[in-house]
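Quick notes on the structure that follows.
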Amino acid sequence: NRGFTTINFLSEAPRVSASPSPSPPPSPTPGPAGGNRFCAQGDLFCLEWTISSTTITMTMSSTVTGWVAVGFTDISGKMGPSDVYFGWLDASGTPQLSDRTNGAGYVQNAPDAQQDGQVQSASISGGRLSVTFTRALDTGDVADDRVITDGMNVIWAAGTNTPTDPTATISYHQNRGFTTINFLSEAPRVSASPSPSPPPSPTPGPAGGNRFCAQG
């Protein structure tokens, strides 16, 4: 229980002034209505997705055109352990996709024995690489993460050097980031902090009286 006021004790009656209510925090900007889309660092990296009863189709794109990747990680912001999908357009113009598992820390493993992503298309247009692939929500592969109803820890990355083949070592990448996405909801889940409650307004005393009361 607390409050505040301003009083001029030498005047006939208390001069009462209330401070303005604090401004609420800015609200997060939602994505397009009904759109399943996430972008980072402007549009350096974007991820769009559609869901069926059994599969998820993702389009990952970047202004960095060597390769692009998205992954699901056990620990938010960590490269591993994670289930990662790398995509690129090879020198012959053929779309490529590599399903891999990153170990704990920054260890990059070889492609999974069971490749569970099916590349649909890849292109470079207007200085932007786009790769679309489909995978099952639950692949049945112990190396893969299931797409579930809770928010999933997502990592993304993009590199300048195009891999030579699906088993090649992926080059070091400075363009990377992470977020949390609920893929099975209509749009990315965004939480806004509640606006702080304004302080109670001071209660003026009776006219002409040298008296102050608060909260009744």
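None of these values were measured; they are calculated from a predicted model.
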Take Phe45 and Met60 through the test side-chain contact (heavy atoms from CB on, under 4.5 Å) and record every step on the way to the result. CA-CA 7 Å; Phe45 173 87; Met60 47 188 180; 4.1 Å; yes

Between Val147 and Arg135, does a side-chain contact (heavy atoms from CB on, under 4.5 Å) hold up when you go through it step by step? CA-CA 10 Å; Val147 178; Arg135 56 150 280 182; 4.2 Å; yes

What one should report as the nearest heavy-atom pair of Pro166 and Ser98 is O-OG, 3.1 Å

Minimal non-hydrogen separation, Val131 against Gly87, with atom names: CG2-C, 3.8 Å

Going by atom types only, do [X] and [Y] share a side-chain donor-acceptor pair under 3.5 Å?
X: Asp112; Y: Thr101; answer: yes
X: Ser125; Y: Ser123; answer: no
X: Gln96; Y: Asp90; answer: yes
X: Tyr85; Y: Arg100; answer: no
X: Ser82; Y: Thr73; answer: no
X: Asp116; Y: Gln114; answer: yes

Taking C-beta and beyond as the side chain, do [X] and [Y] meet within less than 4.5 Å on heavy atoms?
X: Phe183; Y: Val154; answer: yes
X: Phe86; Y: Ile170; answer: yes
X: Leu47; Y: Met58; answer: yes
X: Asp138; Y: Thr54; answer: no
X: Ile124; Y: Trp88; answer: no
X: Ile155; Y: Arg176; answer: no
X: Gln120; Y: Leu97; answer: no

Test item: [X] side-chain N/O and [Y] main-chain N/O as donor-acceptor pair under 3.5 Å:
X: Trp49; Y: Arg37; result: no
X: Gln115; Y: Ala113; result: no
X: Thr59; Y: Thr132; result: no

[atom1]-[atom2] distance between [X] and [Y], expressed to the nearest 0.5 angstrom:
X: Cys39; Y: Glu48; atom1: SG; atom2: CD; value: 7.0 Å
X: Trp156; Y: Ser62; atom1: CH2; atom2: OG; value: 7.0 Å
X: Thr134; Y: Gln118; atom1: OG1; atom2: CD; value: 7.0 Å
X: Leu137; Y: Ile51; atom1: CG; atom2: CD1; value: 5.5 Å
X: Ile56; Y: Asn36; atom1: CD1; atom2: CG; value: 8.5 Å
X: Thr160; Y: Asn175; atom1: OG1; atom2: CG; value: 8.0 Å

So Asp99 and Asp83, side-chain contact (heavy atoms from CB on, under 4.5 Å) or not? Walk me through it. CA-CA 8 Å; Asp99 175 10; Asp83 172 25; 3.3 Å; yes

Partners of Asp43 by salt bridge (charged side-chain N to carboxylate O under 4.0 Å, His left out), sequence neighbours excluded? Arg128

Trp67 vs Thr162, side-chain contact (heavy atoms from CB on, under 4.5 Å): CA-CA, chis, key distance, verdict: CA-CA 6 Å; Trp67 57 265; Thr162 303; over 6 Å; no

